[in-house]
*Asks:* 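Please see the structure below; I have some questions.
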There are 2 protein chains.
Amino acid sequence: MISGKFAITIHILTLLHKFPNDYLSSEFIAGSMNLNPVLVRKEIANLKAHHVVESKEGKNGGTKLAVNASELTLKEIFEMTFETIGLGFAKNQPNPDCPVGKKINQNLEALYSEMNEKVGAQLQNISLEDFSNQF
Amino acid sequence: MISGKFAITIHILTLLHKFPNDYLSSEFIAGSMNLNPVLVRKEIANLKAHHVVESKEGKNGGTKLAVNASELTLKEIFEMTFETIGLGFAKNQPNPDCPVGKKINQNLEALYSEMNEKVGAQLQNISLEDFSNQF
DNA sequence: TCATACTGTAATAAAATATGTTACAAATTT
DNA sequence: AAATTTGTAACATATTTTATTACAGTATGA
């Protein structure tokens with residue numbers, strides 16, 4: 001999963017923030033997103049690995065936030081979803097005998113890296129609470 | 001084509017800038033990128049539609065830059081490739097009966113739109129000439 | 001203690017998207 | 001006229017995303 005990972009993750013976290021006292025089931029969350037519950041559980045597994053949520057198995061189980069929403073930034077969420085922004089690379093290895101081909105990916109990476117810094121600075125200023133309170 | 005479009009386009013433009021007096025064939029360009037010539041021609045068609053390059057059919061034909069590389073910004077190239085940055089959306093329509101589902105895409109769009117402004121400002125400061133001169 | 005309702009995870013299937021290939025008409029040069 | 005190149009359509013393949021099925025393990029509570 002790449003394309004929707006951040007969007008799905010933040011959707012999950014927003015729901016958890018809206019119901020701070022409940023363990024929400026993957027089925028319930030999936031209902032809000034119109035997504036398969038297994039995919040929700042996979043994203044939750046990632047969030048658990050980052051100690052952002054905790055979940056309880058068994059009947060009446062589910063997931064709830066394990067951190068303070070005012071202290072979790074969108075930048076952290078962004079990084080948890082393994083995302084970097086960028087404008088992509090050509091899929092094939094360019095020709096190393098061409099001066100342009102030889103360095104194109106390196107130069108694109110430098111460019112994208114600057115983009116990430118800019119965007120990272122922006123996302124760092126927004127907490128999950130901020131985002132969630134827009135709803 | 002989405003993922004590599006910007007990268008491919010800027011690669012093409014860099015090559016054209018490096019050989020300002022020649023009509024480069026799609027075959028030659030494809031050789032530097034290790035890409036199918038038809039795909040190169042497709043991106044060139046897009047560049048032509050934006051009047052950034054001109055090409056000549058027939059024997060010894062090919063493509064050359066039609067604008068001054070110092071006046072073409074990466075932002076314009078970015079826009080020509082129809083790209084916007086962002087962190088994606090969930091693929092399915094979210095549940096409109098859920099307050100979060102109802103507004104999630106709208107709120108993500110607002111967020112991404114700000115990101116685009118930041119990145120756009122950065123890309124506007126870099127010309128094709130600047131980029132090409134790194135090689 | 002047993003039925004129920006969850007999570008966790010693997011394996012597989014289906015759908016969507018991206019990339020590659022073939023083919024050939026039209027244009028231009030030599 | 002022969003050769004070379006663009007332009008483009010049609011089709012094929014590969015890759016990536018998303019969905020589904022299945023089921024073991026865990027907790028709840030009647």
Side-chain angles (χ1 to χ4, degrees), chain A residues 1-9 11-12 15-16 19 22-31 33-50 52-66 81-83 86-94, chain B residues 1-9 11-12 15-16 19 22-31 33-66 81-83 86-95:
Chain A
M1 177 176 303
I2 287 178
S3 82
K5 200 174 164 95
F6 174 82
I8 289 169
T9 296
H11 194 148
I12 292 170
L15 284 172
L16 296 179
F19 298 90
D22 298 325
Y23 283 89
L24 301 186
S25 74
S26 63
E27 187 96 17
F28 175 84
I29 295 171
M33 321 182 55
N34 191 16
L35 192 72
N36 194 289
V38 175
L39 301 179
V40 171
R41 298 206 285 269
K42 276 183 187 163
E43 292 314 317
I44 284 173
N46 183 38
L47 289 170
K48 276 180 68 178
H50 289 88
V52 167
V53 303
E54 55 179 280
S55 39
K56 208 170 64 173
E57 293 187 30
K59 188 167 177 178
N60 297 331
T63 302
K64 71 197 274 279
L65 268 186
T81 53
F82 314 115
E83 308 223 30
L87 305 176
F89 296 92
K91 192 180 158 194
N92 296 336
Q93 208 56 39
Chain B
M1 176 175 303
I2 289 177
S3 82
K5 202 174 163 97
F6 175 82
I8 290 169
T9 298
H11 194 149
I12 293 169
L15 284 171
L16 296 179
F19 298 90
D22 298 325
Y23 282 89
L24 302 185
S25 74
S26 62
E27 188 96 16
F28 175 85
I29 295 170
M33 322 182 54
N34 191 18
L35 193 71
N36 194 290
V38 175
L39 300 180
V40 172
R41 298 207 284 270
K42 277 183 186 165
E43 292 314 316
I44 284 173
N46 183 38
L47 289 170
K48 278 180 67 179
H50 288 90
H51 308 100
V52 167
V53 303
E54 56 179 281
S55 39
K56 209 169 62 173
E57 294 185 31
K59 187 167 179 178
N60 297 332
T63 302
K64 70 195 276 278
L65 267 186
T81 53
F82 314 116
E83 308 222 29
L87 305 175
F89 296 92
K91 191 181 159 195
N92 296 336
Q93 207 58 38
N95 186 342

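Only a predicted model underlies this, so the values are computations on that prediction, with no experimental measurement involved. Numbers restart at 1 for each chain; the letters A, B, ... are given by sequence-line order, proteins then strands.
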*Asks:* So, OP1 or OP2 of dA27(D): does either fall under 4.0 Å of a side-chain N or O from N60(A)?
*Replies:* no
*Asks:* Tell me: CD of E27(B) to C1' of dG7(D), nearest whole Å?
*Replies:* 15 Å
*Asks:* For residues 56-63 of chain A, run the donor-acceptor check on the side chains, cut-off 3.5 Å, and write out each pair with its distance to 0.1 Å, sequence neighbours left out.
*Replies:*
none

*Asks:* Under 4.0 Å between a side-chain N or O of S55(A) and OP1 or OP2 of dG8(C)?
*Replies:* yes
*Asks:* Under the 3.5 angstrom rule, does the side chain of N36(B) hit a backbone N or O of V38(B) as a donor-acceptor pair?
*Replies:* yes
*Asks:* Please check the phosphate of dT7(C) (OP1 and OP2 only) for any side-chain N or O of S26(A) closer than 4.0 Å.
*Replies:* yes
*Asks:* In this structure, how many angstroms lie between the P atom of dT30(C) and the NZ atom of K56(B), rounded?
*Replies:* 8 Å
*Asks:* Taking CG from D22(A) and C1' from dA5(C), how many angstroms apart are they, rounded to a whole number?
*Replies:* 16 Å
*Asks:* Using 4.0 Å as the upper bound for N to carboxylate O, is an ion pair formed by E43(B) and K5(B)?
*Replies:* yes
*Asks:* side-chain contact (heavy atoms from CB on, under 4.5 Å), that's the test. Do I12(A) and I44(A) meet it? Break it down for me.
*Replies:* CA-CA 8 Å; I12(A) 292 170; I44(A) 284 173; 4.2 Å; yes
*Asks:* dT19(C) phosphate, OP1 or OP2: any side-chain N/O from K5(B) under 4.0 angstrom?
*Replies:* no
*Asks:* So do the side chains of K64(B) and F19(B) get within less than 4.5 Å of each other, counting heavy atoms only?
*Replies:* no
*Asks:* Please give, in whole Å, the distance from dG7(D) P to I29(B) CD1?
*Replies:* 11 Å
*Asks:* In whole angstroms, how far is the C1' atom of dT6(D) from the CZ atom of F28(B)?
*Replies:* 17 Å
*Asks:* In whole angstrom, what separates M33(A)'s CE from dT18(D)'s C1'?
*Replies:* 12 Å
*Asks:* Figure out the OH/P separation between Y23(B) and dT30(C), and round it to whole Å.
*Replies:* 13 Å
*Asks:* Mind listing the N/O atom pairs, protein and nucleotides 19-26 of chain D, below 3.5 Å?
*Replies:*
from, atom 1, to, atom 2, distance (Å)
dA19(D), OP1, N92(B), OD1, 3.4
dA19(D), OP1, N92(B), ND2, 2.5
dT20(D), OP2, N36(A), ND2, 3.0
dT26(D), O4', E57(A), OE1, 3.1
dT26(D), O2, G58(A), N, 3.3

*Asks:* Taking the side chain as every heavy atom from C-beta outward, state whether P37(A) and E27(A) have any pair of such atoms under 4.5 Å apart.
*Replies:* yes
*Asks:* Once you round it to whole Å, what is the distance between P of dT17(D) and CZ of F89(B)?
*Replies:* 17 Å
*Asks:* Using the rule given for side-chain contact (heavy atoms from CB on, under 4.5 Å), can you reason through F82(B) versus N46(B), listing the C-alpha separation, both sets of side-chain angles and the distance that settles it, and then say yes or no?
*Replies:* CA-CA 10 Å; F82(B) 314 116; N46(B) 183 38; 3.8 Å; yes
